[in-house]
Undergrad: 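Got a structure for you, questions after.
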Amino acid sequence: MSFAQVALPLPLRRTFTYRVPEPLAERIAPGVEVQVPFRGRPRRGFVVALARENPLPDATALQAIAAALGPPLFSPHLLQLTRWIADYYLAPWGEVLAAALPGGLEGFAGSRARRAAATDPIARLALSDRITLTAGQRDAMRGVERALEGGGFAPLLLHGVTASGKTELYLRAADRVRARGGQTLVLVPEVALGSQVVREFRRRFGTRVGVLHSYLGVGERRRNWELARRGALDVVVGARSAVFAPLPALGLIVVDEEHEPAYKQSEMLRYHGRDTAVRRAQMLGIPVLLGSATPSLESLANAARGKYARIVLPDRVDRRPLPVIRVIDLRREGGGSLLSRPLLAALGERLERKEQALLFLNRRGHSHHTQCRACGWVPTCPHCDIALTLHLSPRLWRCHYCDHREPATAQCPQCQAALLRLSGAGTQRAERELAAALPGARVLRLDTDVARERGAPAELLAAFARGAADVLLGTQMIAKGLDFPRVTLVGALDADVALHLPDFRAAERTFQLLVQVAGRAGRGQRPGEVLVQTCSPEHPAIAAACRYDATGFAERELAERREAGYPPFVRLATLLLTGADEGQVERAAEAVAEALRPEAEAQGVKVLGPAPQALARLRGRYRWHLLLKGTSAVKLRAVALRGLEWAESKARPARVRVIADVDPAEVL
Ligand SMILES: [Zn+2]
Ligand SMILES: [Zn+2]
């Protein structure tokens with residue numbers, strides 16, 4: 001008789017043992033999807049291990065697997081990878097496995113019966129239009145080739161300024177891997193950006209490129225997943241969840257725009273796509289290439305420590321200059337308009353010259369944020385070095401890391417001007433202002449509302465590329481990766497939204513965002529210009545971005561992080577509690593903190609809070625959190641686990657949910 005460990009896609013951080021009935025013995029193997037009885041109901045799950053011996057004393061008490069649903073869906077390597085994610089991110093293994101399937105478990109059911117009759121894809125396109133590499137690209141390529149030839153795990157940080165030709169290096173590296181019969185996985189942060197990378201790969205590799213991302217229909221994703229698994233694709237390009245793509249001959253992983261917060265999933269399974277990619281490369285003993293014009297401070301610190309090899313592309317291709325960045329001081333502009341006079345003048349010039357412009361407005365108009373429009377002052381926590389959040393009843397500024405409180409004044413303590421409460425200004429308002437100020441301008445808007453319609457972002461970007469509009473107005477979706485040669489002006493409408501987010505990474509994000517958005521200008525024959533509107537022109541992140549001084553910014557910011565005790569010098573995890581009743585959520589947060597404190601003391605982990613989140617209420621649910629800080633990931637997880645154990649016990653009020661987030665991308 002044999003036994004199987006089954007992981008179920010349920011919020012339970014354990015596996016379950018089942019008997020393998022004799023008639024099914026041949027078909028039950030690790031990675032197979034099965035149907036099992038669970039608490040009186042049939043459930044689908046995954047076999048993760050087999051055993052000859054029954055681990056429990058009484059074999060008759062064990063239930064039997066009811067059905068095997070096909071050949072194994074997961075290789076031993078993918079089982080190992082998903083197990084690592086489950087352990088590291090404190091997630092149920094069964095939920096990780098379900099998330100690793102295209103469209104999740106539900107989307108996957110039944111599809112295998114009518115598996116795509118796979119026509120063999122046509123051979124890849126010829127390399128008729130080879131680009132000559134610049135000297136800088138050649139040097140960088142040699143570094144990549146060394147890693148590919150050397151064999152073994154090799155993390156490479158490709159730090160190349162915008163328009164320095166990073167994609168060309170990805171293409172050539174993938175070509176080398178393909179020549180030896182290997183496969184390449186290319187991760188991109190977002191689909192709007194991905195589409196251009198996909199196009200480049202399609203041009204070079206023809207139909208032996210498969211795309212995996214959630215904007216595709218489940219059917220197409222499953223088909224590509226199946227082709228990848230059978231080795232019929234040389235390259236798979238996809239967003240975060242493509243990190244799970246089944247690639248039997250995986251020889252290289254590329255993570256484009258590695259600094260992007262979009263790689264961290266911020267709901268459900270809270271894993272980091274880039275960090276998972278690095279771990280996958282390490283498990284397989286292959287190179288992983290992390291590319292960015294503005295690498296994350298984590299990756300720069302890893303390079304400084306010698307953990308990553310850093311490869312630099314310091315110049316744009318064709319020796320095109322980086323665009324000049326000009327700061328517009330909104331304190332002198334007055335009024336409440338989103339478009340300053342210098343910006344409107346610059347837009348008018350572009351319209352006359354038939355050039356294009358990108359206008360960028362950060363997504364999060366955050367109405368609980370206070371800033372003096374006269375002098376730029378922002379209230380900050382004396383302990384945590386982050387912006388304080390305005391609470392209205394009672395009227396207080398509160399730190400949502402340590403819960404420091406002070407009375408919210410009506411006047412600026414620095415210049416005595418009245419502090420107005422700003423509501424989040426959105427892209428739609430900017431669109432109306434543009435129409436009023438420049439009635440002749442043809443404007444396209446791309447934000448999350450537009451992006452929700454399937455295929456809309458790609459169509460919109462294609463229309464802009466054809467010259468169907470003069471101005472593309474959007475959220476951070478348009479900040480990165482896009483390549484429109486006719487764009488000569490970029491406007492960042494409000495740099496302060498990002499700069500004063502109550503998040504310890506606010507300065508880093510602002511630097512990255514400004515350099516990235518600036519990188520969209522002047523990619524063609526004509527030079528580019530960038531206008532940054534801000535009330536904080538002297539802030540180090542803005543000053544450094546204007547000089548493209550990545551090294552100077554990183555040195556300064558890393559020193560501050562070390563001082564204040566933030567990553568990459570300490571590790572963070574949060575425990576998030578949500579519920580409809582605020583008092584209940586608050587009491588539960590205090591009880592969790594109480595429950596994990598002994599473990600935290602034993603492990604030397606610091607517990608901050610509990611405190612309400614900056615966005616203390618979302619979709620009718622109140623949100624509180626605890627912030628855990630420690631130098632060791634293992635110790636941090638041990639403490640977070642205590643909190644989750646409390647949440648799984650009877651002590652937790654039924655209507656309060658508790659979620660752990662390890663290495664959170666944002667602590668808001
Ligand atoms: Zn002031
Ligand atoms: Zn604080």
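Whatever order the structure lists them in is the order used to number ligands and atoms, beginning at 1. Note that this is a predicted model, so its numbers are computed, not measured.
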Undergrad: Around R655, counting heavy atoms of other residues, nucleotides and ligands shown, do more than 12 lie under 6.0 Å from its CZ?
TA: no

Undergrad: Do you see an N/O/S atom of C384, backbone or side chain, under 2.8 Å from the Zn ion (ligand 2)?
TA: yes

Undergrad: Any donor-acceptor pair under 3.5 Å linking the side-chain atoms of S632 with those of R571?
TA: no

Undergrad: Over 60° means perpendicular and under 30° means parallel, so classify the ring planes of Y89 and W84, tilted if in between.
TA: perpendicular

Undergrad: Do we get K629 above Y566's six-membered ring, with its NZ or CZ under 6.0 Å from the centre and within 45° of the axis?
TA: yes

Undergrad: Parallel, tilted or perpendicular, judged at 30° and 60°: which one describes the rings of F511 and F553?
TA: parallel

Undergrad: Report the C-alpha separation of T427 and D447 in whole Å, then their side-chain angles, then the decisive distance to 0.1 Å, and conclude whether the side-chain hydrogen bond (donor to acceptor under 3.5 Å, both in side chains) test is met.
TA: CA-CA 7 Å; T427 42; D447 53 23; 2.6 Å; yes

Undergrad: If we only look closer than 2.8 Å, how many protein N, O or S atoms does the Zn ion (ligand 1) have near it?
TA: 4

Undergrad: Assess the residue pair R429 and E433 against the criterion (salt bridge (charged side-chain N to carboxylate O under 4.0 Å, His left out)); give the C-alpha distance rounded to whole Å, side-chain angles, the decisive distance to 0.1 Å, and a yes or no.
TA: CA-CA 6 Å; R429 193 182 128 200; E433 283 191 22; 3.3 Å; yes

Undergrad: Angle at the Zn ion (ligand 2), SG of C399 to SG of C381, rounded to 10 degrees, please.
TA: 110°

